[in-house]
Amino acid sequence: MLTFLSITLAGCSREDQHPESEGAVIKLAVPKAFLTKVVDGDNLAVEQTVTNISLFFTEPSITSITFKYVNTGFSISGDYQIISLPVEPQDLQTKDIYVVVNYDDEEALNALATIDDLKAMITPEVDKTNNLDPANGFCMYGSTLNFDFTAGSNAIVDLVRTCAKIRVNLTFPENSGLSTSNSFLIQNAARYTYIIKNPAAVLPLTDYFNFAAPIDLVNNGSDIYVNNAYVYEATALPVITIYTHINNSTEQQEFTANLPLPQRNYLYDLQIEVYEEETASRSTESIVKPSYRAVSTLRVYDEKGEPVKEF
């Protein structure tokens with residue numbers, strides 16, 4: 001079943017109210033396609049945290065910033081974040097609109113003079129001990145070009161997270177209790193990405209890291225072991241390793257696989273099934289020794305919730 005959860009806001013002074021100002025209005029939302037096409041359980045409420053919003057305006061097709069509102073106030077109305085600007089629509093006329101969400105460096109944002117400056121900016125950096133945490137607010141970006149503020153309607157900008165989500169589901173179909181101690185580790189994750197998507201930019205190898213510790217896979221109540229990880233959009237393949245302890249043994253089983261290149265706001269839904277096999281030894285007594293194999297299925301969904309490819 002497909003579900004949707006709207007963005008929740010942190011730090012708002014008035015929830016579920018329209019701003020009092022009568023100035024030009026900007027409405028922010030996650031992509032509309034997610035309303036009907038997001039995969040069940042994808043849009044967790046915590047992933048929608050918004051702590052601050054900054055807006056930049058240029059004349060159409062010109063990079064010089066003519067108006068900027070850094071860390072502007074906002075409120076909630078339905079599924080939208082509403083920003084009412086202290087400027088009238090006739091003063092704005094037609095503009096290109098650029099929005100950055102959850103970027104805390106106000107000094108850097110205030111220093112921007114052109115959209116080319118914004119294109120050069122990177123997201124907040126993380127490392128092996130500071131993995132992306134949705135509760136802190138993911139950096140998001142969106143734009144709406146050539147919008148006529150005098151046309152009588154509000155500007156709408158769709159936001160897209162700069163990170164990808166990896167959702168892991170581990171099961172033991174033949175014996176659901178085969179292992180209750182399960183986890184996974186992400187290797188080769190990017191420390192940062194670009195606020196505005198930049199396919200030509202290749203991060204140096206020194207800007208990739210391995211998570212400091214495995215993430216526990218938690219029984220969801222149906223003997224499916226699940227959890228999520230978040231990694232920035234990048235140009236190198238991350239690697240995932242699943243760890244299990246069969247029959248609670250101290251001996252650790254490992255299953256490793258490459259993941260596709262992370263794309264912003266993509267969902268990588270990885271399902272892993274572990275089966276037991278019987279392998280005859282080479283001794284004359286033909287003692288049967290158990291071994292295990294993992295069967296994985298990876299389903300990928302793009303920033304609009306559309307299926308991309310099944311691996």
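In this chain, residues are counted from 1 in sequence order. Bear in mind the structure is a predicted one, so any value in this text is a computation, not a measurement.
- Remark: the backbone N or O of Q263 is not paired with any side-chain donor or acceptor of D302 at under 3.5 angstrom.
- Side-chain heavy atoms closer than 4.5 Å link hydrophobic residues (I, L, V, M, F, W, Y) into clusters, and following such links, possibly through other members, connects I215 to L298.
- Scanning all heavy atoms of the two residues, the minimum distance from K68 to N110 falls at NZ-O, 2.8 Å.
- Looking at residues two or more places apart in sequence or on another chain, you find no salt bridge (charged side-chain N to carboxylate O under 4.0 Å, His left out) involving R191.
- When the side chains of ILVMFWY residues are joined at heavy-atom separations under 4.5 Å, either directly or via intervening members, F255 and I224 end up in two distinct hydrophobic clusters.
- Within the 4.5 Å cutoff, side-chain heavy atoms of Y292 are placed close to those of E276.
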For this session: Given side-chain contact (heavy atoms from CB on, under 4.5 Å), test R161 with Q48 step by step and report yes or no.
Result: CA-CA 9 Å; R161 302 171 198 149; Q48 316 309 321; 2.8 Å; yes

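- Residues I122 and E125 share a closest heavy-atom pair of CD1-OE2, 3.9 Å.
- Screening L55, I82, V101, V50 for a side-chain contact (heavy atoms from CB on, under 4.5 Å) involving F74 leaves a single residue, V50.
- Smallest separation of non-hydrogen atoms from A212 and T129: CB-CG2, 3.9 Å.
- Under the 4.5 Å side-chain contact rule for hydrophobic residues, F67 and L112 do not share a cluster.
- A donor atom on one side chain and an acceptor atom on the other are not found under 3.5 Å apart for S181 and N248.
- For A190 against E233, the heavy-atom pair with the smallest separation is CB-O, 4.5 Å.
- Without hydrogens or angle criteria, D91 side chain to V87 main chain gives no donor-acceptor distance under 3.5 Å.
- The backbone N or O of T244 lies less than 3.5 Å from no partner atom in the side chain of N182, so there is not a single donor-acceptor pair.
- Note on I97 and L118: separate hydrophobic clusters, where clusters join Ile, Leu, Val, Met, Phe, Trp and Tyr whose side-chain heavy atoms are under 4.5 Å apart, directly or indirectly.
- Of all heavy-atom pairs spanning L109 and F56, the tightest one is O-CE2, 3.8 Å.
- Between the side chains of D207 and Y192, a donor-acceptor pair is found at a separation under 3.5 Å.
- Listed by chain and number, the residues in a side chain to side chain donor-acceptor pair (under 3.5 Å) with Y69 amount to none (sequence neighbours excluded).
- Side chain of N247 to main chain of S249: no donor-acceptor pair is present (N/O by atom type, distance under 3.5 Å, no hydrogens or angles).
- Looking at D96, its side chain does come within 3.5 Å of a backbone N or O of S61 through a donor-acceptor pair.
- Using a 4.5 Å cut-off on side-chain heavy atoms (C-beta onward), D216 and S183 make contact.
- Between N52 and D104, the side chains place a donor N or O and an acceptor N or O closer than 3.5 Å (distance only, hydrogens not considered).
- Judged by a 6.0 Å distance limit and a 45° cone about the ring axis, K95 is not positioned over the six-membered ring of F57.
- The side-chain heavy atoms of D223 and F172, taken from C-beta on, include no pair separated by under 4.5 Å.
- Separation of atoms NZ (K119) and OG1 (T114) is listed at 9.0 Å; rounding is to 0.5 Å.
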Could you list the donor-acceptor pairs under 3.5 angstrom formed between side-chain atoms of residues 131-147 and any protein atom two or more places apart in sequence or on another chain?
residue	atom	partner	partner atom	Å
D133	OD1	A135	N	3.0
T144	OG1	I156	O	2.7

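- A donor-acceptor pair is defined here as one N or O able to donate and one able to accept, closer than 3.5 Å; no such pair exists between the side chain of Y208 and the backbone of L237.
- Annotation: Q90, atom CD; neighbour count of heavy atoms from other residues, nucleotides and ligands within 6.0 Å is above 12.
- Taken to the nearest 0.5 Å, the CG atom of L217 stands 6.0 Å off from the CZ atom of F184.
- Checking side-chain atoms of K27 against main-chain N and O of N154 turns up no donor-acceptor pair under 3.5 Å.
- Using a 4.5 Å heavy-atom cutoff, the side chains of Y232 and P262 are not in contact.
- Panel note: side chain T235, backbone V202; no donor-acceptor pair is recorded below 3.5 Å.
- Atom CG in D116 sits 9.0 Å away from atom OG in S64 (nearest 0.5 Å).
- Evaluation of the side-chain contact (heavy atoms from CB on, under 4.5 Å) rule for P199 yields K197 as partners, not counting sequence neighbours.
- L259 and V239 are members of different hydrophobic clusters when ILVMFWY side chains are connected at heavy-atom separations under 4.5 Å.
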For this session: Begin from the C-alpha positions of N169 and D269 and carry the test side-chain contact (heavy atoms from CB on, under 4.5 Å) through to its verdict.
Result: CA-CA 8 Å; N169 300 265; D269 187 15; 3.2 Å; yes

For this session: Mind running side-chain contact (heavy atoms from CB on, under 4.5 Å) on N227 and V168 for me, showing each step along the way?
Result: CA-CA 6 Å; N227 216 327; V168 181; 5.9 Å; no

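- Atom CD of residue Q187 and atom CZ of residue F211 lie 10.5 Å apart, to the nearest 0.5 angstrom.
- Using modelled atom types, one side-chain atom of R264 and one backbone atom of I195 make a donor-acceptor pair closer than 3.5 Å.
- Looking at heavy atoms from C-beta onward, I272 lies out of side-chain contact with T171 at the 4.5 angstrom threshold.
- Side-chain atoms of K128 and N210, non-hydrogen and from C-beta on, never get closer than 4.5 Å to each other.
- Here NZ of K165 is found 4.5 Å from OH of Y230. Values are rounded to the nearest 0.5 Å.
- Residue pairs meeting the ring-ring contact (aromatic ring centres under 6.0 Å, His included) criterion with at least one partner in residues 94-137, sequence neighbours excluded, do not occur; the list is empty.
- Applying the side chain to side chain donor-acceptor pair (under 3.5 Å) criterion to Q252, with sequence neighbours excluded, gives H245, E254.
- A distance-only check finds no donor-acceptor pair linking the side chain of Y80 to the backbone of I26 [under 3.5 Å].
- In this model, no donor atom of one side chain and acceptor atom of the other lie less than 3.5 Å apart for S179 and Y243.
- Of the inter-residue distances, the one linking I53 atom CD1 with I83 atom CD1 reads 4.0 Å to the nearest 0.5 angstrom.
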